[in-house]
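This report refers to the structure that appears directly beneath it.
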Amino acid sequence: MRNALLLAAALLALPAPAAAQEEAPRVERLAPALDALIAPGTTLERVATGFGFTEGPLWHDGRLWFSDVSGDTLRAVDPSGRVEELIANAGGLPDPPAGKSIGPNGMVPDRDGSVLLAQMGARRIVRVGADRRVTPVIADYRGKRLNSPNDLVFAGDGALWFTDPPFGLFNGMDRDPAKQLPYNAVFRYAGGKLTPVITDLTLPNGIGFSPDGRTLYVTDYGPPGTIYAYRVGRGGALSGRRVLIPFPAGGDGGADGLKVDARGNVWATGPGGVHVISPAGTVLGRILLPEVAANLAFAGDGHTLYITASTSVYRLRTTVAGVLPRYAR
């Protein structure tokens, strides 16, 4: 044992090998149409770093709120890169196990200026008030607990839609004995009534609407993952499911968060980075990052895109405006 300790000490004293140079984030242009969305020469910048796993970005009151899923913390970063911790133990699970995906996740602003937050650990959606107090909003469907709400969006009619995969069930996800629902649903909440509107996806994740509200986009994580498009009818009735894009195998990351721009293009995180996809399903380009891209949000005037990726938050300027949340402020 003593010889082993001496050898370890000697190895620690040796000069460290040169670290592999991190690949710089960049924009990959696959079609000329991307130039009208992201101007040629646009660069990405890392705004802040050093987190566990960043997710759920939301531009709110002049700052980007974001979740640290494995760090179990809700934070905000201002345009200068200054970070503030907003809520500790933001996943809502008492005595959370270290390293599990039980923290907070997606967010959306509500009409009263509060923020609705998906708590993966507590398996519910809560309201975060101006005083940062947390109030439960939705926790079960017909007496059965939700799996672990992931991402949220308000439709044009004011209904709240959210995905409910089992990522927060840390003892085997679908095999976790704590799972109570027989499916991983996309839910619609309107008039005090919760309805599972999609129940046949494996791991529903990102969610968003076209600018006219007539198309719903949902990612199924996979791997490698798929984005589906649905026609939206009266009262949220869905029909005509089609594949917008099957993500190619390979590359780090999976089909995760998505947002939509004013021209109807879908900006979605997937293997390798952020994929910019036309409404017809053509991949116009990709934003390549040195980390796993998890989610994204348009901010400010809609021409600034923030991306949460593993340990960091990135930013770039867009020519096209993104669709901001219904109750953005």
Side-chain angles (χ1 to χ4, degrees), residues 51-78 83-94 96 100-141 145-155 158-170 185-190 194 204-208 256-259 269 294-299 306-308 313 324-329:
F51 312 110
F53 189 83
T54 60
E55 253 282 13
L58 169 67
W59 186 255
H60 187 64
D61 287 338
R63 297 190 296 175
L64 186 80
W65 286 28
F66 65 98
S67 297
D68 188 339
V69 175
S70 57
D72 196 22
T73 305
L74 180 66
R75 294 187 172 92
V77 58
D78 68 17
V83 177
E84 179 188 0
E85 180 180 295
L86 301 179
I87 301 176
N89 188 217
L93 186 68
K100 302 294 185 179
S101 294
I102 42 66
N105 205 310
M107 288 175 274
V108 68
D110 206 347
R111 68 187 74 204
D112 63 356
S114 64
V115 170
L116 298 182
L117 169 69
Q119 287 188 321
M120 297 177 68
R123 301 167 63 179
R124 64 187 183 181
I125 293 172
V126 299
R127 185 181 309 281
V128 180
D131 57 0
R132 299 178 195 166
R133 294 184 63 179
V134 173
T135 306
V137 177
I138 306 170
D140 65 88
Y141 172 65
R145 294 186 66 189
L146 300 177
N147 297 319
S148 61
N150 188 282
D151 212 351
L152 314 88
V153 65
F154 275 107
L160 177 69
W161 295 62
F162 65 92
T163 56
D164 188 38
F167 294 124
L169 300 176
F170 53 86
V186 174
F187 284 98
R188 179 179 185 266
Y189 182 70
L194 184 64
N205 202 321
I207 186 169
D256 207 326
L258 67 83
K259 295 296 183 292
T269 57
N295 214 327
L296 61 164
F298 287 99
Y306 282 90
I307 305 167
T308 50
V313 176
L324 300 177
R326 177 175 173 81
Y327 302 114
R329 47 178 284 179

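One-based numbering along the sequence shown. Hydrogens, waters and symmetry mates play no part in the numbers below; they use all other heavy atoms, side chains included.
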If we only count heavy atoms from C-beta on, is the Q119 to V134 side-chain gap below 4.5 Å? yes

Could you tell me whether the side chain of R124 and the main chain of R145 form a donor-acceptor pair under 3.5 Å? no

Under a 4.5 Å cut-off applied to non-hydrogen side-chain atoms, are V313 and P57 in contact? no

When the aromatic ring centroids of Y306 and F66 are compared, is their separation below 6.0 Å? no

Is the side chain of T163 donor-acceptor paired with the backbone N or O of G206 at a distance under 3.5 Å, no angle test? no

Report yes or no: does N295 contribute a side-chain atom to a donor-acceptor pair with the main-chain N or O of E55 at less than 3.5 Å? no

Going by heavy atoms in the side chains, are P104 and D72 under 4.5 Å from each other? yes

Does the side chain of H60 reach to within under 4.5 Å of the side chain of R329, using non-hydrogen atoms? yes

D164 (side chain) donor-acceptor with A185 (main chain) under 3.5 angstrom: no

Taking side chain as C-beta onward, heavy atoms only, is M107 less than 4.5 Å from V128? no

Testing D110, L116, D112 one by one against Y327 for a side-chain contact (heavy atoms from CB on, under 4.5 Å), which residue passes? D110

How about L74 and W65: do any of their side-chain heavy atoms sit closer than 4.5 Å? yes

So does N205 get a backbone contact from the side chain of D151, meaning a donor-acceptor N/O pair under 3.5 Å? no

In chain order, what residues pass the side-chain contact (heavy atoms from CB on, under 4.5 Å) check against R133, with sequence neighbours excluded? D131

Please determine whether side-chain contact (heavy atoms from CB on, under 4.5 Å) holds for the pair L169 and R123, giving the CA-CA distance in whole Å, both sets of side-chain angles, and the decisive distance to 0.1 Å. CA-CA 9 Å; L169 300 176; R123 301 167 63 179; 3.6 Å; yes

Smallest separation among heavy atoms of N105 and N150, with atom names: OD1-O, 3.3 Å

What is the minimum heavy-atom distance between P149 and A118, and which atoms define it? O-CB, 3.3 Å

Picking from V115, V108, L117, what satisfies side-chain contact (heavy atoms from CB on, under 4.5 Å) with L152? V108

Backbone of G257 reached by a side-chain donor or acceptor of T269 within 3.5 Å: yes

Between F187 and I138, is any pair of side-chain heavy atoms under 4.5 Å apart? no

Could you tell me if the side chain of V77 sits less than 4.5 Å from the side chain of F51, heavy atoms only? no

Using modelled atom types and a 3.5 Å cut-off, is there a donor and acceptor pairing between side-chain atoms of S70 and backbone atoms of F53? yes

